**Q** 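Below you'll find the structure I mean.
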Amino acid sequence: MSLLVTTPVEKMTGPYPRRWWALLVLCLSLLIVVMANTSLIVAAPDMTADLGLSSSDLQWVIDGYTVPYAALMLVLGAIGDKYSRRGALITGLVVFAGGSVMGSLVDETGLVIAARAIMGVGAAVVMPATLSLLVAVFPKGERARAITAWTATSGLAIAVGPLVAGWLLEDHAWGSTFLVNVPIAVAAVIGALVLVPPSRAAGMGRIDYVGGLLSIVSVGSLVYATIEGPHFGWGAGPVAAAVVAGVGLVAFVAWELRHPHPMLDVRRFLQRPFSGSMLAVLFFFFGTYGAIYYATQFLQFVLGYGALETGVRLLPLAGAVFVGAAVTGKLTPKLGVKAMVGSGMLIGTVGVFLLVLVEKDSTYADFLAPMLLLGLAIGLSVSPATDTIMGSFPESELGVGGGANDTALELGGSLGIAVLGSLLGTAYRDELAGLVGDRLPAAALDTAQDSVGGGLAVAERLATSPEAGPRQAQALADAVNQAFAHGVSATSLVGGIIMTAGTLIVLAVLPGRRGARQRPEEKPAEARHVEYSDSAR
């Protein structure tokens, strides 16, 4: 008996016997690509101090991963469909591990950003491959449960990333947060060969590379403009990128409508379950990632928790994800997708709004309820939305379906961190200027306004300065904490309003249980247009 599984899923006469073990490998692969983003949140202070990162440098160390990750998933998912989904998973893990090794060894800002970009390319192969393999391996009756486990893993990674990074940073340099990915990736590659069966789309035609290129240009330019513009000003670069994104999107839609075998049939967005679920994923991760991003900063800088302490305090979020996943697994078949997605988005919106109450003297207890609600919301809503998205694609396009779902997820998270982070920075700078603007030299004020970490660093320098002293330093530190708390509160109000609007839009778009259960012959003509004949499958 061969140690490696070699029989393709398409040639199996029944369900793959070791599919739940295969799911463990897929979830492990997903875990490290999501952790690569969340672990950097707590590693950022050490990296900033060691590499002398500016605010712009740090932003691109973080988002050098995000741009290729978001831009390439659709195309790489299609390539995996055509040639080998398991091969795509293994290739992506190898690329990801290679970028991780590079990131652990280099000590220059540009090289760290390059390493993060390589990891992002690997993640863009891995993430859609995990979903397409999951749907290919599991029979329809078990897919919802498997996708629930996949979603719970994604939520778990949000908390586990900072925890693992914090544990490593207790005794090791920040490069260890890169290197830890390597043994996990190696274990996932071995597990893929032993437990995950090969799979590819049967009868798939030529890949629409023109449509793929247009999608890369559109999404990549949009993510770049979203990151660069709000944080560093809408200069020529971000404005040009936004224009390119808009033109590219129009060209992509026009091309896909005319192509006989499009990369992504945009008519699929006329199906309310699909478009509503895509909007749900985008809006939900907009609010969730943004809130977690600045809540973590408050825990570290204002409350003074170390990296490990911060990671431990994010664990309730992971626990709430699993509770939500268990609940949605039981209730979605009874209540329907709209009820569960809407409930999850409403709970997440309440969690964001609770952060409006944050003040300078707030403690960890003030963040516990919002994190529990956000975790519960992830567990409740993301799984049924993802299941609906994947169920909208034929077997020949599972990689494209995974890429579409993951692009919405990553784009929403990127927009949340960029837009809400920008609002936070503006509110913080304005408040700090009003509190201490007339008592600090211009250069010191500029540094303090750059970030909460910069403000506390200026306060530390004042404490040892003969012209200032501990009292003035403490006054500045108090002002920095107050300004940042004000920024968190003001930003959460805007984030909650956006989440409320998103929830209402999603509820208006998603059909009720009766509409979702229409028989194929009852579907409107535009919905039938996107379906494929049995021979095309």
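Note that the coordinates shown come from a computational prediction; the quantities given were computed from them, not determined experimentally.
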**Q** Keeping the roles fixed (side chain from Ser218, backbone from Ser215), state whether a donor-acceptor pair exists under 3.5 Å.
**A** no
**Q** Kindly compute the distance separating CD1 (Ile79) from OG (Ser84), expressed to the nearest 0.5 Å.
**A** 12.5 Å
**Q** Apply side chain to side chain contact (heavy atoms under 4.5 Å, CB included) to residues Val219 and Val223 and explain how you reach the verdict.
**A** CA-CA 6 Å; Val219 176; Val223 174; 4.2 Å; yes
**Q** Check whether any side-chain heavy atom of Leu30 sits under 4.5 Å from a side-chain heavy atom of Trp150, and report yes or no.
**A** yes
**Q** Rounded to the nearest 0.5 Å, what separates atom CD1 in Ile417 from atom CD1 in Ile292?
**A**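 Between Ile417 CD1 and Ile292 CD1, I get 9.0 Å after rounding to 0.5 Å.
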**Q** Sub-3.5 Å donor-acceptor pair from the side chain of Arg116 to the main-chain atoms of Asp63, do we have one?
**A** no
**Q** Are the side chain of Thr332 and the backbone of Gly329 linked by a donor-acceptor contact shorter than 3.5 Å?
**A** no
**Q** Rounded to the nearest 0.5 Å, what's the gap from NZ on Lys338 to CZ on Arg272? Could you check?
**A** 6.5 Å
**Q** Which atom pair, heavy atoms only, marks the closest approach of Pro198 to Val5?
**A**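 Closest approach of Pro198 to Val5: CD-O, 3.8 Å.
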**Q** Could you state the interatomic distance from CG (Leu26) to CG (Leu195), rounded to the nearest 0.5 Å?
**A**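 One finds 9.5 Å between CG of Leu26 and CG of Leu195.
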**Q** Please determine whether ring-ring contact (aromatic ring centres under 6.0 Å, His included) holds for the pair Phe138 and Tyr16, giving the CA-CA distance in whole Å, both sets of side-chain angles, and the decisive distance to 0.1 Å.
**A** CA-CA 8 Å; Phe138 281 85; Tyr16 174 53; 9.0 Å; no
**Q** Please check if the side chain of Asp208 supplies one atom and the backbone of Met263 the other of a donor-acceptor pair under 3.5 Å.
**A** yes
**Q** Can a donor-acceptor pair be found, under 3.5 Å and without considering hydrogens, that links the side chain of Glu256 to the backbone of Val266?
**A**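 Flag not set: sc Glu256 to bb Val266 has no pair under 3.5 Å.
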**Q** Could you go through the side chain to side chain contact (heavy atoms under 4.5 Å, CB included) check for Trp20 and Arg145 one step at a time?
**A** CA-CA 11 Å; Trp20 293 103; Arg145 290 168 57 199; 3.9 Å; yes
**Q** Determine whether Met73 and Leu76 make a side-chain contact, defined as any pair of heavy atoms from C-beta on separated by less than 4.5 Å.
**A** no
**Q** What do the steps show when you test Val33 against Tyr65 for side chain to side chain contact (heavy atoms under 4.5 Å, CB included), and what is the final call?
**A** CA-CA 10 Å; Val33 300; Tyr65 182 81; 3.6 Å; yes
**Q** Please answer whether the main-chain N or O of Phe285 pairs with a side-chain N or O of Thr288 as donor and acceptor at a distance below 3.5 Å.
**A**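 Flag not set: sc Thr288 to bb Phe285 has no pair under 3.5 Å.
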**Q** Between CZ of Phe286 and CG of Leu409, what distance do you get to the nearest 0.5 Å?
**A**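 Interatomic distance, Phe286 CZ to Leu409 CG, rounded to 0.5 Å: 14.0 Å.
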**Q** If only side-chain N and O atoms count, and only distance matters, is there a donor-acceptor pair under 3.5 Å linking Arg85 with Ser199?
**A** yes
**Q** Find out whether Leu374 and Val352 are in side-chain contact, i.e. whether some heavy atom of one side chain is under 4.5 Å from a heavy atom of the other.
**A**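 A side-chain contact exists here, since the closest heavy-atom pair is under 4.5 Å.
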**Q** Taking Leu380's backbone N and O only, do any of them form a donor-acceptor pair with Thr328's side chain (distance below 3.5 Å, no angle check)?
**A**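 A pair under 3.5 Å: yes.
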**Q** If you look at every heavy atom in Ser39 and Ala165, which pair is closest and at what distance?
**A**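 So the minimum-distance heavy-atom pair works out to O-CB, 3.6 Å.
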**Q** Mind running side chain to side chain contact (heavy atoms under 4.5 Å, CB included) on Met499 and Leu346 for me, showing each step along the way?
**A** CA-CA 8 Å; Met499 285 284 288; Leu346 179 62; over 6 Å; no
**Q** Please examine the side chains of Met47 and Val112, heavy atoms only from C-beta on, and report whether any two atoms are closer than 4.5 Å.
**A**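 Side-chain contact under 4.5 Å: yes.
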**Q** Looking at Phe393, I'd like to know if the NZ or CZ of Arg268 sits under 6.0 Å from its six-membered ring centre while staying within 45 degrees of the ring's axis.
**A** yes
**Q** Regarding Arg19 and Glu142, does a basic nitrogen lie under 4.0 Å from an acidic carboxylate oxygen?
**A**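 Salt bridge: yes.
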**Q** May I ask you to test the Val506-Val341 pair for a side-chain heavy-atom distance under 4.5 Å?
**A** yes
**Q** Between Pro197 and Met12, is any pair of side-chain heavy atoms under 4.5 Å apart?
**A** yes
**Q** Does the Glu10 side chain pair with the main chain of Arg200, one donor and one acceptor, at a distance under 3.5 Å?
**A**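 Looks like yes, one N/O pair under 3.5 Å.
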**Q** So how far is it from Asn181 CG to Leu93 CG, rounded to the nearest 0.5 Å?
**A** 10.5 Å
**Q** Closest approach of Ala225 and Pro238, non-hydrogen atoms and distance?
**A**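 So the two residues come closest at CB-O, 3.5 Å.
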**Q** Could you check whether any side-chain heavy atom of Met119 comes within less than 4.5 Å of a side-chain heavy atom of Tyr69, counting everything from C-beta outward?
**A**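 Side chain of Met119 against side chain of Tyr69, heavy atoms only: no contact under 4.5 Å found.
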**Q** Do you know which two heavy atoms are closest between Thr7 and Lys11, and how far apart they sit?
**A** CG2-CB, 4.4 Å
**Q** Could you tell me whether the side chain of Leu420 reaches within less than 4.5 Å of the side chain of Tyr293, counting heavy atoms only?
**A**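 No, every pair of side-chain atoms sits at 4.5 Å or beyond.
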**Q** So with a 6.0 Å cut-off around CH2 of Trp255, is the heavy-atom count from everything else above 12?
**A**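 12 or below, so no.
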**Q** Could you check Thr148, Asn405, Thr151, Asp406 and say which one makes a side-chain hydrogen bond (donor to acceptor under 3.5 Å, both in side chains) with Thr386?
**A**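 With Thr386 as partner, Thr148, Asn405, Thr151, Asp406 yield a single side-chain hydrogen bond (donor to acceptor under 3.5 Å, both in side chains), made by Asn405.
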**Q** For Trp174 and Val106, which heavy atoms make the closest approach, and how far apart are they?
**A**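 Closest approach of Trp174 to Val106, heavy atoms only: CH2-O, 3.7 Å.
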